[in-house]
Amino acid sequence: AFIALHGRGGEDGTVQELLELVGIPYTASGPGACIRCMDKVVAKHAFRDAAIPTPDFYAFNQVAFQELGAARALPAIEERLDFPIVVKPAGQGSALGIKFARTADDVPPAIVAAFSYDTKVLLERYVPGRDLAVSVIESADGPEALPVVEAIPVDEDFYDFEARYEFGRTRFVCPADLSPELTERAQELALAAWNTLGCSGFARVDLLTDGDDLTVLEVNAIPGLTDTSLLPLAADEAGIGFDDFVARMLDLAVARTTA
């Protein structure tokens, strides 16, 4: 089974566990890694524990917000993170449910919007900078970081859902126009994030840079494979055609199941 599913059921370990139960080989990461990647809060705690730079954050679920007084803690959170704050559901991909809170008045509706996608919400310090992506694919010699891709939204200030999937909304540069040192550091951080979350097969690590420093936002265990997606672009730049990529991932899946 070549998994190219997005969202709950496809990226969160559910279908992976079912395929293991019936003994069908499948591509990409196993259930544990998928769970860690899908839950942004779990992933960010893992990054923090592994000393991988990631934006400061706070998170709470609906019970904490509605019944345990977390709403009254918002001013303290806002003061520590400073504005603007990025509010996002913990368990969604493709930038769904993400809102910018530029003032304190923007925070409550942003939280309500995020809760419409998940029962757990993440409030994250906004880090201005350039959107980078480093895809990682596995080979017989271990994981390999592909060339860095930069996503540059056209006439927008945020790489949102529409910018990801609508033609013409984003310009992609591969390899990204970075110094050799920053490129190497981005690839090293991507591999560190991959290893920290226990990924396998293929994945994509999203980062930001201000030109000097790098910070890891998240890891996508099942990254997009469409005509506007970044992994196929990076693989092609590395000399790996799409058919070759698919065949390699299927071979790895069969070998892993046999082992």
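Position 1 is the first residue of the sequence, and the numbers go up from there.
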Decide yes or no on side-chain contact (heavy atoms from CB on, under 4.5 Å) for Val87 and Val121, but give the supporting numbers first.
CA-CA 7 Å; Val87 182; Val121 165; 3.8 Å; yes

Indicate yes or no for a side-chain donor-acceptor contact from Asp12 to the backbone of Thr14 under 3.5 Å, with no hydrogens or angles considered.
yes

Taking side chain as C-beta onward, heavy atoms only, is Cys174 less than 4.5 Å from Glu150?
no

Show me the donor-acceptor pairs within less than 3.5 Å that the side chains of residues 187-194 make with the rest of the protein, sequence neighbours left out.
unit_1 : atom_1 : unit_2 : atom_2 : d
Gln187 : NE2    : Leu146 : O      : 3.2

Arg125 NZ/CZ over Tyr58 ring centroid, <6.0 Å and within 45° of normal
no

Check: Phe202 ring centre within less than 6.0 Å of Phe245 ring centre
yes

If Ile, Leu, Val, Met, Phe, Trp and Tyr residues are connected whenever their side-chain heavy atoms lie under 4.5 Å apart, and connections chain through other members, are Tyr117 and Val112 in the same group?
no

Exactly one candidate in Asp206, Thr54, Leu207, Val205 meets side-chain contact (heavy atoms from CB on, under 4.5 Å) with Glu218; the answer is Asp206

Any side-chain heavy atom of His45 within less than 4.5 Å of one from Phe57?
yes

May I ask you to check whether Arg248 and Ser139 show a side-chain donor-acceptor distance below 3.5 Å?
no

Can you see which heavy atom on Tyr26 is nearest to which on Pro31, and at what distance?
OH-CD, 3.4 Å

Does Lys120 come within less than 4.0 Å of Asp39, counting only side-chain N to carboxylate O?
yes

Got a sec, which residues hit side-chain hydrogen bond (donor to acceptor under 3.5 Å, both in side chains) with Thr103, two or more places apart in sequence or on another chain?
Asp106

